[in-house]
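Counting starts at 1 for both ligands and their atoms, in listed order.
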Amino acid sequence: MSKLRLGVLVSGGGSNLQSIIDHCNSGYLPAEVVIVISSKEGVYALERAKRHNIPSFVVNPKTFPTKTAYEDEMIRLLNSFKVDLIVLAGFLRVLSPHFVNTFQGKIMNIHPSLIPAFCGEGYYGEKVHKAVLDYGVKITGVTVHFVDEGADTGPIILQRAVPVLDNDTPETLAERVLQEEHKIYPEAIKLYALGRLQVQGRSVKIIKGEEH
Ligand code: GRF
């Protein structure tokens with residue numbers, strides 16, 4: 001079976017990128033990261049790509065006259081590396097219908113809460129965990145979903161709960177959630193790679209296999 005070709009889009013530290021690379025290298029994932037694109041210069045995710053000899057590019061939206069021109073450059077790169085699945089890993093841009101329709105059903109995102117709570121426009125990074133603590137919920141978690149035209153609105157693939165502890169700060173909670181992200185994202189990508197995800201409207205059915 002040929003390996004699934006992953007294109008990973010990042011904007012930050014890239015610990016999820018690292019986890020995906022590690023799960024490819026260990027043989028858990030029948031996949032390889034063939035390209036990394038960052039929306040920002042100088043982020044640590046680029047360093048991680050370099051260390052693993054993965055071609056990486058900075059495509060900074062601020063250097064393009066329009067959002068379409070910006071996304072066209074990413075589309076060109078992703079197509080030239082023959083990417084099968086686009087994985088958003090801490091990527092801080094909302095993709096337009098133009099981009100989403102180009103790769104219909106082939107873009108995944110991870111969000112550090114149990115969607116539909118604490119998600120959508122403005123809920124990113126530490127803001128999510130701060131909102132969780134401000135609200136006082138006892139359980140938060142992680143969601144992996146397909147990307148559609150909205151912000152965090154696409155069909156949900158996997159979710160996992162993470163407890164909120166009394167003495168949590170946004171930092172300690174983010175750390176606990178991140179540990180779960182590093183497990184669940186490879187799981188979701190593996191299910192995709194094995195052809196076990198079936199989208200039916202808003203819901204994603206997981207076709208039974210040996211491991212789940
Ligand atoms: C993660 O919490 C992810 O869910 C969110 O941004 C963070 C990225 O972390 N979308 P990293 O860059 O993968 O370390």
Side-chain angles (χ1 to χ4, degrees), residues 6-25 28-29 31 33 35-52 54 56-61 74 85-95 99-100 107-134 137 139-148 150-164 168-189 192:
L6 306 176
V8 183
L9 272 50
V10 297
S11 303
S15 68
N16 277 291
L17 166 67
Q18 187 67 57
S19 161
I20 293 163
I21 295 170
D22 292 346
H23 282 84
C24 289
N25 290 345
Y28 172 85
L29 271 178
V33 179
I35 178 175
V36 171
I37 301 177
S38 173
S39 61
K40 286 187 190 162
E41 302 264 2
V43 295
Y44 193 60
L46 290 166
E47 188 58 38
R48 295 183 195 269
K50 206 196 264 173
R51 269 203 250 143
H52 291 275
I54 299 166
S56 61
F57 301 85
V58 175
V59 184
N60 181 346
M74 289 205 290
L85 178 68
I86 297 163
V87 177
L88 311 186
F91 179 67
L92 292 178
R93 310 294 305 186
V94 176
L95 296 164
F99 186 97
V100 173
I107 313 171
M108 270 186 201
N109 183 41
I110 191 160
H111 183 77
S113 77
L114 290 175
I115 290 175
F118 308 108
C119 64
E121 212 74 62
Y123 283 98
Y124 58 87
E126 213 151 90
K127 288 177 198 274
V128 177
H129 305 297
K130 190 168 181 316
V132 163
L133 292 173
D134 286 349
V137 295
I139 293 173
T140 183
V142 185
T143 304
V144 180
H145 64 93
F146 283 115
V147 173
D148 67 5
D152 301 329
T153 54
I156 290 170
I157 301 166
L158 291 177
Q159 289 190 301
R160 200 117 323 139
V162 174
V164 180
D168 263 334
T169 63
E171 294 78 23
T172 59
L173 184 56
E175 187 49 41
R176 192 169 328 106
V177 170
L178 212 46
Q179 296 308 317
E180 207 49 63
E181 293 185 42
H182 297 161
K183 293 183 214 151
I184 196 175
Y185 221 175
E187 281 178 42
I189 296 167
Y192 183 94

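Protein heavy atom closest to atom 10 (N) of ligand 1, with residue, atom name and distance, is I110 O, 3.4 Å. Summary of contacts: the protein heavy atom closest to atom 1 (C) of ligand 1 is E181 OE1, 3.0 Å. Ranking protein heavy atoms by distance to atom 11 (P) of ligand 1, first place goes to S15 N, 3.4 Å.
Around the CD1 atom of I139, the shell of radius 6.0 Å holds no more than 12 heavy atoms that belong to other residues, nucleotides or ligands. The local environment of OH in Y124 is sparse, with at most 12 non-hydrogen atoms from other residues, nucleotides or ligands closer than 6.0 Å. More than 12 non-hydrogen atoms from other residues, nucleotides or ligands lie less than 6.0 angstrom from CD of E171.
Considering backbone and side-chain atoms alike, N16 places an N or O below 3.5 Å from some N or O of ligand 1.
Listed by atom number, the atoms of ligand 1 under 4.0 Å from G90 heavy atoms are 6 (O), 8 (C), 10 (N).
The backbone N or O of I184 sits nowhere less than 3.5 Å from a side-chain atom of R160 that would complete a donor-acceptor pair.
The closest non-hydrogen atom to atom 12 (O) of ligand 1, taken over G12, G14, G125, comes from G14.
Counting heavy atoms from C-beta outward, L92 and K40 have side chains that approach closer than 4.5 Å.
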